[in-house]
Number of protein chains: 2
Amino acid sequence: MKTILILGGGKSSSYLIDFLSDSCAVKRRRLILADLDLTSAALKLRGRPNTEARQLNIENESLRKELVNESDLVVSMLPAFLHPVVAQDCLELGKHFFTASYETDALREMKGEIENKGLFFLNECGLDPGIDHMSAMKIIDTAKAKGEEIISFKSYCGGLLAPKSEDNPWKYKFTWNPRNVVLAGQATSQYIENGELKFVPYHQLFRRLETIHFPGLGDFDGYPNRDSLSYRKVYGLENIPTMLRGTLRRAGYCKAWDVFVQLGMCDDSFQMDLPENTNLRQFLNSFLPYDPALSVEEKLGNLVHDLDFGTWEKISWLGFFGRRKLPKNQGSPAEILQSILEEDWALQPEDEDMIVMQHLFEIKTQEGVKEVTSSLVSFGEDSVYTAMAKTVGLPLAIAVDLFLEENINLIGLHVPVLRELYEPILKELDLQGIRFREQEKTRN
Amino acid sequence: MKTILILGGGKSSSYLIDFLSDSCAVKRRRLILADLDLTSAALKLRGRPNTEARQLNIENESLRKELVNESDLVVSMLPAFLHPVVAQDCLELGKHFFTASYETDALREMKGEIENKGLFFLNECGLDPGIDHMSAMKIIDTAKAKGEEIISFKSYCGGLLAPKSEDNPWKYKFTWNPRNVVLAGQATSQYIENGELKFVPYHQLFRRLETIHFPGLGDFDGYPNRDSLSYRKVYGLENIPTMLRGTLRRAGYCKAWDVFVQLGMCDDSFQMDLPENTNLRQFLNSFLPYDPALSVEEKLGNLVHDLDFGTWEKISWLGFFGRRKLPKNQGSPAEILQSILEEDWALQPEDEDMIVMQHLFEIKTQEGVKEVTSSLVSFGEDSVYTAMAKTVGLPLAIAVDLFLEENINLIGLHVPVLRELYEPILKELDLQGIRFREQEKTRN
């Protein structure tokens, strides 16, 4: 009987836990869910056979290793910075290791030892990274098998609100880690377009937009995300002329968010110590030039080029022109901005989220250039069974299941770009309702 | 007989070395100039009595300590990051320590021990920081002594070209460390204006300008520099409503430099690996959105709001619209930009530099609000005897001289904001031709 250890039963674990603990009733395996909060972990398991909850403070090394040692494979749903610690335990104790997070240099350093010990370490097997890799590789491998050449690949993903819950002008609430949303994009983004390398500094990022359309949902803003260039190698597309990975927000969001970027309000590099009782209007004013003759509104209008009504409405809806007291008056600008947004963008129990992903390929075929648009839309059911939890957790759960069933026979350090990984995982995801819809047209 | 040890005989040491080595002929003291380049050090001393050059690699700890131990006080003209190392030697061996650089936390940690050992450590005794502190404190202390209240203090400084050498559209060449010029301002600047705290992110910095006029020289751009707020305490102006320290460039420079900032070309946070033979036009294009229908010039015009002729001319003069090969094709954007500018902004042997500094005070008096403008202009003589070397080196040399003559009787860690420091130093600077001209007017 094999034992699965899941570390961390947080927000995005609901589907993962259900899928794997349900499987314990019908397959010869058991599951341990270890979390800081024992009661919450036990509730999530709902007393299913062959499952048990354990209390674990991840800093308790001896208990952590004891749990790892009791298991055959470990799924880490912990914050990403903790993965190397757990991976090291797995290496030491000879256990397999699964995450939905980016493969880091710390993991890459373990590569040789993972192979030597005959272990399987799988990262980037969630949504983005995860489903993006798998669905893209399926199209890429299929095209290559036909001798076709991929000349452009753009891939966008966003974790957003279901349209029925889009009840504010931003059409956005926090369906994911608020800090990550506030700091999103704070590095120079890199991509290539028609053979031209492109570099986008943070303060230009939310202006470098492409409009992405989803049938039945309407328009979204896509902005380039981090280093798309490195994915040319991962996807085996070293000489592709156009390659861009990006993030989706509802149309109009980026132009309004850019106001915060331009002001310097997303800056996390220094601490503000503002007077107590500072209000939102004064906070905004501290980023504007001094002018005794102008109002805050006028100064903002002068600073931000082309401030249109839709943008104005979004900033105003958050209360920046009013005199509501700041939720906190000490911290970095980004921390203070986050505290404001957490009041206004809090997900309500009745809210439902939505995941949207779209790949746009241009493939040179004998008939001409084929344009393939492959789109995934996934809706959440409620604030626990979210689309985010489903699309992050199910690929990982399926990978674990396939591995235990010996339908994956790999060793070493992997991300799911190999056919023997993505093919069975995508097949099972399809059965779970996570599937891409493709549109094709060929221009001559 | 006292011994002065000068560490580093680089670009900005000429006046310091002359002043102190001349003094060895007439006062009972000797001087050792230690530098990596023995020949160059010997040339600078010109065989003056009681002076000698020594070869020193600063990483050679035993030789460094031997030299420190042979001296009574050490003047460090080394790169700023090396100061704590030398200061630690001085502390250990009981020697006094002088620099023209900012007092850092590393130095502040030594404060108690400096005092316990009865040593004198003086930092920030150059131009900026240095002359700025001293000249400002003289005005501040004088006003306070009269019971007047300082309600506004802005202070600007720039190291520029003498007008006769302003022979390019930027009216700028590197009279100082090129890397520092390219990275200038890369932190959020903080100041206070009429009681309102103001925070300026880097990408807004070169737009937050004040025009500063020098009689006979014309107009300059002043932009806010780093953390002006912390100087409220240093200057004893804790409750001042307006306090701003800034940097000066020739009028028009900042608007053109802002183009590089907006493009992301001053970014030092990631490495570019551009194809060999990439030219300046292609480098510029890599920061612009892709558009097959537009030229580089048109794309730049679209990206940069309000690109006027003066700005256009400056960018064009550097060759960014042409096909000159990049001097280097690997490195951060800032490093590549620097390599371009070093070709175009190289100081020629016949060029002369200029230091400009201006304090603008508003002082509440019984007669009304007195506006005091105090300006310093200093011209270089040639590419060795620069205004920068004069204004950085002489205050430090004078402080050393006064200390050895026992006209400064302080122990502990200091910057020159005390009257017993700034009064005699300013008096001697005046004799050396470094003096401020004041203009006053009172509004009722």
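Proteins come first, then strands; the chains are lettered A, B, ... in the order of their sequence lines, and each starts at number 1. Atom set for the values below is all heavy atoms of this structure, side chains included, hydrogens, waters and symmetry mates excluded.
With values rounded to the nearest 0.5 angstrom, Phe270(A) atom CZ is found 9.5 Å from Ser189(B) atom OG. Note that the CG atom of Leu229(A) and the CE atom of Met272(B) stand 10.0 Å from one another [nearest 0.5 Å]. Taking CD of Glu193(A) as the reference point, atom OG of Ser286(B) lies at 13.5 Å (rounded to 0.5 Å). The distance from the CG atom of Leu303(B) to the CZ atom of Arg208(A) is 6.5 Å, given to the nearest 0.5 Å. With values rounded to the nearest 0.5 angstrom, Leu288(A) atom CG is found 6.0 Å from Lys198(B) atom NZ.
Heavy atoms of Ile192(A) lying under 4.5 Å from chain B are absent altogether. With a 4.5 Å cut-off on non-hydrogen atoms, Gln190(A) touches chain B through its side chain but not through its backbone. Proximity to chain B (any heavy atom under 4.5 Å) is shown, for Pro292(A), by neither the backbone nor the side chain. Proximity to chain B (any heavy atom under 4.5 Å) is shown, for Asn285(A), by both the backbone and the side chain.
In this structure, Gln204(A) contributes its side chain and Gln262(B) its backbone to a donor-acceptor pair below 3.5 Å.
The shortest non-hydrogen separation linking Leu274(B) to Leu197(A) is CD2-CD1, 3.9 Å. Across all their heavy atoms, Pro201(B) and Gly264(A) have their closest contact at CG-CA, 3.6 Å. Of all the heavy atoms in Val261(A) and His203(B), the pair that sits closest is O-NE2, 2.9 Å.
More than 12 heavy atoms of other shown residues, nucleotides or ligands fall within 6.0 angstrom of atom NZ in Lys299(A). Counting non-hydrogen atoms of other residues, nucleotides and ligands closer than 6.0 Å to CD of Glu238(B) gives a total above 12. Gln271(A) CD: more than 12 foreign heavy atoms inside a 6.0 Å radius.
The aromatic rings of Phe287(A) and Phe199(B) lie tilted to each other, with the angle between the two planes from 30° to 60°.
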